[in-house]
Structures are given as C-alpha cells and as structure tokens.
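To start, the structure itself, in structure tokens.
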Amino acid sequence: MSMEVTDTNLITDLQSLVDSLQHRVQELEAENAKFSSQLANCHCHEKEDKRDSSAVSCDSSLETSRKSNSGSKKTTKEIVKEKVPGYDTRIMNHHCKRYVALKVMYFGRRFYGFAAEAQMDPTIESEIFRALEKTRLLVGDKKESHYSRCGRTDKGVSAVGQVIALYLRSNLKETCENNEDSRKMGFKEQYEGEIDYVRVLNRALPDDIRVFGWCPVPLGFNARFSCLGREYYYLFWGENLNLLAMESAGRKFVGEHDFRNFCKMDALNVHNYRRKVTSFAISPCDVRFDENQLWAIKIKGSAFLWHQVRCMVAVLFLIGQGQESPDVIDALLDTDRIPRKPQYSMAPEIPLVLQSCEFEGLNFTCSSDSGQALRIHLANECQNYHLEAAIFHEALQSCSPIEKDQRSLDNGTVKKKSSHVPLMSRPTEPSYEERRTKLNTRRKD
C-alpha cells in the first residue's frame, strides 16, 4: 500500500514539475517576443554589443562552469531552445555581423579529413563549428553563414595555411551598415574594438587545431574559388633515394597537363582533369635522424585533383628508388598514349601538408596577445612531440643487438623481395570514357 502511495506522490510531483516548466516556457516566449519587438525599434545597440563581446570572451569558462554545476540537469535556456525551434537563431540575427576569412592550421593524424561531410568523426570542420557555436560567434547555421573552405584535405593530412570564410558576430556597428565590404572602413576602424576572433576561438578549439589570423573580406569572396594558388609540402627521409633523378622528373609536372593518371578519378563529378602546376622543388629540412636527412617536396599550383599530390609523390619515389625512369612521367602525362591509369599505391597521407593558400589583397592579422599565446602553445606542442620522440629513441637504443648466431639463422630463412613490376606493365584502371559509359548505362537502367 505504501508503495502505491509513493508512486502516486512521485507522479504528482513530476506532473507538477512539468506544468511549472511549461508555464515558465510560455513566460519566456512572451518575454522574448516583447524584447524582440523593443529591439527592432531600437537604434542604439552599443551597450548591448559591449556586453555581448564580454559574453563571447568568457563563454567557454561559463559553459564549463554551468555543466559542472548542473550535472545532467538541463538549464532553463536549454529547455527553451528545445521547446521553441529557431529561438537561438532569432536572437542571434539581431547582432551585428561581418564577413571574415580565418587562417587555420591543424595536425591531421587523428582526423577523418577536413570536411564534415566525410560521415566520420572527428573532422577538422566539425571541431571548428563546435568551437564557433560554443563561443557564440556563429550567425545562423552553416548555410546562413555563407561558409566556404579553400581546400578539402583528406584523412591524416595536415595544414598550416588552410583558409575558411563565413559571417561571424561583430562588436562594430559599422560592419552592419557596411556589410557588403567592411574593408571600406579605415584600417583602425576595421579592427579597433572588434572581437579577438583568434583568442576566443583558440580557447575553445582542441590542441591540434589553431586559428592563425583573420581579416575582413567582401561578400563576393569565396575561400575556394577566390584562391589564386595552393602550395603543398610532402616530407620524406632522403636515405637511399636518388634525389637528383626525383627533382629532374618532378620538373616535368610544371605547366598545364592532364593529370588523370595522377589522381583518384571521380568521373561522376569531375570532367576536366587539366590542372596547372606552377612550381616544383625538393629542398632539405633542418631535421636529421641518425645521419638521415629530412627533405620536402614543394608543389604549387592553381588547384589540385583528388589525391593528386600523393599520386605524384608515389611515382617520384619509384624513380628515386631506381625502379622507374624519369621518362615515365612524360608517358603518364600523355593521356592519348596512356588513357588508363596503371594501378599503384599512393604515398602515405601523414607527411602531406597544405602549406599555403594565396589570395589577392588578404592580410591576416591577430592581436599581440593572441599571437604570443599562439607561439607559446605551438612551442609547447613541439616540446611534447620531442619528448615522445625521445622515448621511442630510448626504446630503440634499448633493443638488444642481433647476435651472430641469430644473423646466421635469419640468413637461412630470408624472404625474397618481391620484384618490381614496371608501371607500364601493370593492370590498369578504367579510363574516364569507360567510367562515364558505365555511369550512363546505370542511369538508363
């Protein structure tokens, strides 16, 4: 009997709580409508803008504090956002905004590529938008923010010069009145009193993603299509490689060519495989390991195809190992002669870095405090990776040397190295025309 009474009381209490929350939501909706009406008729937002700036800069710590204090309970604001679709968007649309470009770096090892459409998590893009939402810098959703990205790097690839563009909240009323191009304002007017986007975002981003700088851009700007050129680095150890042969072969890439034999073909979406490579070079880096020099292949072009750089590097490695002649580049670039790409493995993704994206008239900047914090963070990350390398090096030194008896035993069971099959003798992939024919047949069916 007592159990039934307890259950009844519990149900009554829960119903009372639900009724109370619903009543509070109705009150908040009424207040929101009232304030929205007042705000629409108001022309002096300076005080509110200053208050919003403070909210942005300390939002990360406040959000963490709320979560730690409330545990699994939802705040009143969260309940209202769930009950009232578009609540947050309507509030955000009243704030000043400006169209800006952000320069971003990231270490790609743990990410499934840059783009959130990869259907895997985490991606660099998903982490950036989490930070934008957490700091309340985002205006509307991704589509409403006119978001664009310069490059869509693959899983494991890093960048120190990626560029994105989108609308962000602004402290400056002038950016609302001159939204088509806030660069028309004077230099000081563009930046003085503005939200420190670099500092605010870097506090909310994970350690392996950082914003390097920002700058205002005109409304017609697109991070992908406004880009004049992109430069990639590919890092590799030079031991046992003929670097002169690789550099001689790599220069054959310079110019405008059909690179269908140096990419992963997407016949459904890509119909033009001609791209222009403007420069190619191989240069040493200031890093050595056990007398082995680290080198970098530097390739610059207007745009690149899917996996193009990794395919180019893979063939260069075959040339550097003496397994292919530099003339194989000429053959593969002649798509009349070689219409089908020979099957070969791409170079690994981890050493590939998007070094820079070139735009006309863009000068990225950040405050001195943000720049100092960024340098300290990167220095700490470098030290941490050096510590990890030292641990692995110590383990390497601790490996017991191979005894003479063990070597003689191994000599009796040494596996033969697989012989190299020349690229021109390998099985080939379908040509572009064959792929299109197959796609058209499927559509008819």
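Just so it is clear, the model here is predicted, and its values are computed rather than measured.
- Looking at R230, its side chain does come within 3.5 Å of a backbone N or O of C150 through a donor-acceptor pair.
- Judged purely by atom type and a 3.5 angstrom limit, N202 uses its side chain to pair as donor or acceptor with the backbone of V211.
- Side-chain atoms of S158 come within 3.5 Å of backbone atoms of G108 as a donor-acceptor pair (strictly under, hydrogens ignored).
- Aromatic ring orientation, H146 versus Y167: perpendicular (interplanar angle above 60°, classes split at 30° and 60°).
- Between F262 and F253, the ring planes lie perpendicular to each other; the angle is over 60°, past the 30° to 60° tilted range.
- A distance of 13.5 Å separates CZ in F317 from CG in N242, rounded to the nearest 0.5 Å.
- Y197 places no side-chain N or O within 3.5 Å of a backbone atom of E194 that could act as its donor or acceptor partner.
- Interatomic distance, C263 SG to W306 CH2, rounded to the nearest 0.5 Å: 10.0 Å.
- Ion pairing of R130 with E127 is present here, as a side-chain N (NZ or NE/NH1/NH2) and a carboxylate O approach within less than 4.0 Å.
- A salt bridge links K142 with E125: the distance from a Lys NZ or Arg NE/NH1/NH2 to an Asp or Glu carboxylate oxygen falls below 4.0 Å.
- Shown are L354, I128, V157; of these, the side-chain contact (heavy atoms from CB on, under 4.5 Å) with F114 is made only by I128.
- With respect to the salt-bridge test (charged N to carboxylate O, under 4.0 angstrom), the residues R260 and D258 qualify.
- Using a 4.0 Å cut-off between charged nitrogen and carboxylate oxygen, R199 and D369 do not count as a salt-bridge pair.
- Between R149 and E117 there is a salt bridge, since at least one side-chain N of the basic residue sits less than 4.0 Å from a carboxylate O of the acidic one.
- A salt bridge between K298 and E231 is absent, with no side-chain N of the basic residue lying under 4.0 Å from a carboxylate O of the acidic one.
- Within the 4.5 Å cutoff, side-chain heavy atoms of I209 are placed close to those of F111.
- A267 and R435 make their closest contact through CB-CB, 3.6 Å (heavy atoms, listed as atom of the first residue, atom of the second, distance).
- Between the side chain of D290 and the backbone N or O of N292, no donor-acceptor pair lies under 3.5 Å.
- For K300, the NZ atom counts as loosely surrounded, since its 6.0 Å shell holds 12 or fewer non-hydrogen atoms of other residues, nucleotides or ligands.
- Qualifying side chain to side chain contact (heavy atoms under 4.5 Å, CB included) partners for I391, counting only residues two or more places apart in sequence or in other chains: none.
- Using modelled atom types, no side-chain atom of D334 and backbone atom of D330 make a donor-acceptor pair closer than 3.5 Å.
- Remark: K155 NZ to E349 CD distance equals 5.5 Å, nearest 0.5 Å.
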Between W237 and V287, does the side chain to side chain contact (heavy atoms under 4.5 Å, CB included) criterion hold? Intermediate values first, please.
CA-CA 10 Å; W237 297 105; V287 177; 4.1 Å; yes

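- Taking the six-membered ring for Trp and thresholds of 30 and 60 degrees, Y99 and F221 have ring planes more than 60 degrees apart, a perpendicular arrangement.
- Among all heavy-atom pairs drawn from A116 and S126, the shortest one is CB-N, 4.3 Å.
- One finds the CD1 atom of I297 at 4.5 Å from the CZ atom of F236 (value rounded to the nearest 0.5 Å).
- Among all heavy-atom pairs drawn from N261 and L332, the shortest one is ND2-O, 2.8 Å.
- Taking the centre of each ring, F259 and F304 stay at or above the 6.0 Å mark.
- Taking CD of Q321 as the start and NE2 of H420 as the end, the distance is 8.5 Å to the nearest 0.5 Å.
- Counting only distance, with no hydrogens or angles, the side chain of E144 and the backbone of D141 share a donor-acceptor pair below 3.5 Å.
- Listed here is the closest heavy atom pair of R340 and P430: CG-C, 4.4 Å.
- Across every non-hydrogen atom of T123 and Y112, the tightest pair is CG2-O, 3.8 Å.
- Within the 4.5 Å cutoff, no side-chain heavy atoms of Y106 are placed close to those of D208.
- Heavy atoms of other residues, nucleotides or ligands lying less than 6.0 angstrom from CZ of R110 number more than 12.
- Atom NE2 of H386 has 12 or fewer neighbouring heavy atoms from other residues, nucleotides or ligands inside a 6.0 Å radius.
- To the nearest 0.5 Å, atom CG of residue L137 and atom OG of residue S170 are 10.5 Å apart.
- When all heavy atoms of L268 and H271 are compared, the closest pair comes out as O-CE1, 3.6 Å.
- Here the side chain of Q355 pairs no donor or acceptor atom with the backbone of V160 at under 3.5 angstrom.
- In this structure a side-chain-to-backbone donor-acceptor pair under 3.5 Å is missing from R275 to E256.
- Remark: the backbone N or O of L423 is paired with a side-chain donor or acceptor of E324 at under 3.5 angstrom.
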